[in-house]
Amino acid sequence: MSEVRVRFPPSPTGYLHIGGARTAIYNWLFARKHGGKLVLRIEDTDAERSTEESIKGIIEGLEWLGVDWDEGPYFQSSFASEHVAAAGKLLASGHAYKCFCTKEELEARREAAVAAKADYRYNGACRELSPEEVAAREAAGLPAVIRFKVPQGEGSVVFNDLVYGVVERDYRDIEDFVIVRSNGLPLYLLCNVVDDIRDRISHVIRGQDGLVNTPRQILLYRALGAAPPIFAHMPLTLDLKKAKISKRSHGEIVAVQFYRDHGFLPWALVNFLVLLGWSPGDDREIFSREELIEAFTLEGVNRANSIFNYKKDDPKFFTDPKAININAHYLRTIPVAELAQWVKPVLEREGIWDPAYEGEKREWFHKTLEMSRERFHTLTDFATIGRAWFADDFPMDETALQKNLLKHPQMKEWLPQLAQRFAALPEITHDEAERVAREFAEEHGVKPGVPINAARAVITGQNKGPSMFEVFAHLGKEKVVQRLREAGKYFEGQN
RNA sequence: GUCCCCAUCGUCUAGUCAGGUCCAGGACACCGGCCUUUCACGCCGGCAACACCGGUUCAAAUCCGGUUGGGGACGCCA
């Protein structure tokens, strides 16, 4: 078989959403697996809704995900003359005809059909118009659309979908569809086919919502004298109410950019998305790029739609828990040096980035990431939960304040005392910190956890985190002593 | 209303094509335990599904039919 060529043809009417991203990923994987080419084609023929900003957003989204293409971006609008020529060819060859029915007439018929609970389909009123009748209407200046002449009578279009198997559709169930608007602009069905022929697309991998279009497009290929590509339709991604996910009704939670802004590692999102409707056939769920390309097959694509289980207002999970989990997995397993590259822009955005983290404080910075990442889920956690590592103005967690500090009023005096002990040390090491803290607790007759966790609160603003002995040693004597000395400020205004 | 697609734990899924090894496996989530100064990680354990009815068969999650449920399409959008 000849070269594998697939395409991702987004219409630039909004940002890149996870459904589109998944389609792009499947195409990309298929191309990479077979040593083929991925073509990016922007389908901007709907000039009214297409925007420059959207095009930019889609391209940025793909780049961020790491989905690279080999050709394009091409713009459908720049091939308008080809589309018009194809329509002319179909008209000339008798595969299409002009239809003078007005929008109003058609709408009225459609509404009547709905009211009567009947099937509505174009009745072919203009199909048998004689050349004279057509000429007369044109002479009268009546606007016309061009419709494709679907074969009549017995027969059907049959094709073998790589995911859904043999799909058959009777001619009688396909109406004479419009291929050119009355203003002369060709419609998607035609443009798409003309572009795919020109771009020598071998496999069309798209959402299942395009399944009903396929028979009509195959008819178009035949009429145009071209061999249809191989089709593979993927199941759809549904929301919690099992409705098709769309940017319009779901907003930012389905936008790829949302995940970038909320601290996702792009590959983690790819890894999650690919699992939504595909399985390698075994228990693997975490894949490197190479492993995924190797494992991916269209046969492994599920036929049932899947639900994107996002937890929008959940304090712990702001999206699908599995997506978060996969992101957390990568967060704590990628090389620290790589993680540092991802954390940098997050800290920069918060204004707490120090260039020295790439210079003399590099080792310290990497160790900090190493210590923190075990309990983080997203990159943004480094700037929020982990802020105390990088800035002195960090917020105090309410639970930490109540349970670790205010619950033990003695801490107001004890913590500054503990500061003195640390200050007396030439340097705080893990073992020294542990010795000092335990002795301190013993002298005051409390469990070690009490002063230790109170210290955690004033030093990190959190009630959870890495071992405090490590924190004492790693944060450094100066900051530890200073924060412990100022512990009293948290008690002001109390009782 | 018409046409088409789909149906395994709460979610993502393996198993369905080649019926028995499946009183259904994994992951996430959830619950419990261990570890521990805390939280997490990790480890151990638990909860939890073949939509329903009928048929074929010695045997059905798997094959067939029907029912129900869900989804998609039905545009001079892409």
Side-chain angles (χ1 to χ4, degrees), chain A residues 9-13 43-46 48-50 76 99 101-103 106-107 110 113-121 143-147 164-165 167-170 172-175 177-183 185 187-189 191-192 207-213 215 233 235-236 238 240 242-244 272 275-286 299 302-311 316-317 320-326 328 332 372-377 385 400 403-404 434 437-438 441 447-453 455-457 462-469:
Chain A
S11 57
T13 55
E43 306 221 317
D44 58 348
T45 35
D46 185 348
E48 298 203 351
R49 294 197 298 155
S50 298
Q76 190 166 62
C99 169
C101 298
T102 66
K103 243 186 218 176
L106 295 174
E107 263 167 41
R110 197 151 34 225
V114 171
K117 289 189 188 292
D119 183 22
Y120 50 87
R121 212 174 305 162
V145 299
I146 297 176
R147 286 183 185 272
Y164 286 90
V167 177
E168 181 170 4
R169 196 165 165 85
D170 290 340
R172 63 168 62 96
D173 289 328
I174 309 173
E175 71 171 359
F177 52 96
V178 177
I179 54 177
V180 179
R181 297 178 174 93
S182 55
N183 63 6
L185 295 177
L187 257 4
Y188 160 77
L189 235 34
C191 298
N192 193 250
Q208 193 237 73
D209 47 354
L211 195 56
V212 286
N213 282 331
H233 289 87
L236 267 20
L238 274 24
L240 300 166
K242 298 192 174 179
K244 189 169 81 162
F272 166 73
L275 254 18
L276 225 46
W278 172 83
S279 153
D282 53 39
D283 288 341
R284 286 179 297 163
E285 296 203 309
I286 298 294
E299 289 69 37
N302 206 324
R303 276 182 284 274
N305 294 338
S306 54
I307 294 171
F308 179 50
N309 191 28
Y310 62 93
K311 311 272 189 193
K316 186 170 174 189
F317 303 105
D320 192 311
K322 192 145 189 167
I324 299 266
N325 178 274
I326 290 175
R332 55 178 186 259
S372 323
R373 66 173 175 177
E374 283 299 308
R375 41 190 65 69
F376 288 173
H377 294 127
I385 304 172
K403 292 191 173 173
N404 293 4
E434 176 160 15
R438 288 189 187 283
K447 284 188 283 189
V450 176
I452 289 171
N453 286 309
R456 180 190 301 284
Q462 298 289 315
N463 64 338
K464 53 198 168 198
S467 158
M468 272 315 285
F469 309 131

Assigned partner base of [N], Watson-Crick or wobble definition, under 3.5 Å:
N: B/rA18; result: none
N: B/rU11; result: B/rA27
N: B/rG32; result: B/rC44
N: B/rC63; result: B/rG55
N: B/rU38; result: none
N: B/rC74; result: B/rG1

Euclidean distance, atom [atom1] of residue [X] to atom [atom2] of [N] [Å, nearest integer]:
X: A/N302; N: B/rG26; atom1: CG; atom2: P; answer: 19 Å
X: A/N305; N: B/rG69; atom1: CG; atom2: C1'; answer: 14 Å
X: A/Q208; N: B/rA7; atom1: CD; atom2: P; answer: 11 Å
X: A/L240; N: B/rC12; atom1: CG; atom2: P; answer: 10 Å

Are any of [X]'s side-chain N or O atoms less than 4.0 Å away from OP1 or OP2 of [N]?
X: A/R181; N: B/rC77; answer: yes
X: A/T45; N: B/rA78; answer: yes
X: A/R373; N: B/rA40; answer: no
X: A/N309; N: B/rA29; answer: no
X: A/R456; N: B/rC39; answer: no
X: A/R110; N: B/rG75; answer: yes
X: A/K242; N: B/rG10; answer: no

Reckon [X] touches a base, only the sugar-phosphate, or nothing at all at heavy-atom distances under 4.0 Å?
X: A/N463; value: base
X: A/R284; value: nothing
X: A/Y164; value: sugar-phosphate
X: A/P448; value: nothing
X: A/G277; value: sugar-phosphate
X: A/S182; value: base
X: A/E285; value: base
X: A/V145; value: base
X: A/N453; value: base
X: A/P466; value: base
X: A/K447; value: nothing

If you measure from the [atom1] atom in [N] to the same atom in [M], how many Å do you get, rounded?
N: B/rA40; M: B/rG33; atom1: P; value: 12 Å
N: B/rU68; M: B/rA29; atom1: C1'; value: 29 Å
N: B/rA7; M: B/rA18; atom1: C1'; value: 22 Å

Is any side-chain N or O of [X] under 3.5 Å from a base N or O of [N], one able to act as donor and the other as acceptor?
X: A/S467; N: B/rU37; value: yes
X: A/R303; N: B/rC6; value: no
X: A/K322; N: B/rA27; value: yes

Select one nucleotide: of [options], the one nearest the side-chain heavy atoms of [X].
X: A/K316; options: B/rA29, B/rG72, B/rC30; value: B/rC30
X: A/K103; options: B/rC6, B/rA78, B/rC76; value: B/rC76
X: A/L106; options: B/rG71, B/rG42, B/rC76; value: B/rC76
X: A/A304; options: B/rC6, B/rC3, B/rC77; value: B/rC6
X: A/I307; options: B/rC12, B/rC4, B/rC76; value: B/rC12

Inset, instruction - Using the closest heavy atom to pick a nucleotide of RNA chain B for each, name whichever of A/E434 or A/F272 lands nearer the 5' end. - result: A/F272

Inset, instruction - Using the closest heavy atom to pick a nucleotide of RNA chain B for each, name whichever of A/F317 or A/Q76 lands nearer the 5' end. - result: A/F317

Legend entry - A/E107/A/K103 ion pair, N-O < 4.0 Å: no

Legend entry - Step-by-step side chain to side chain donor-acceptor pair (under 3.5 Å) determination, A/T45 to A/Q76: CA-CA 6 Å; A/T45 35; A/Q76 190 166 62; 2.9 Å; yes

Legend entry - A/L276 side chain reached by A/W278 side chain, heavy atoms, under 4.5 Å: no

Inset, instruction - Quick one: pull up NE2 in A/H233 and CZ in A/R303 and give me the separation to the nearest 0.5 Å. - result: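 Answer rounded to 0.5 Å: 14.0 Å.
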
Legend entry - Value rounded to 0.5 Å, distance of OH in A/Y310 from CG in A/D320: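 Between A/Y310 OH and A/D320 CG, I get 11.0 Å after rounding to 0.5 Å.
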
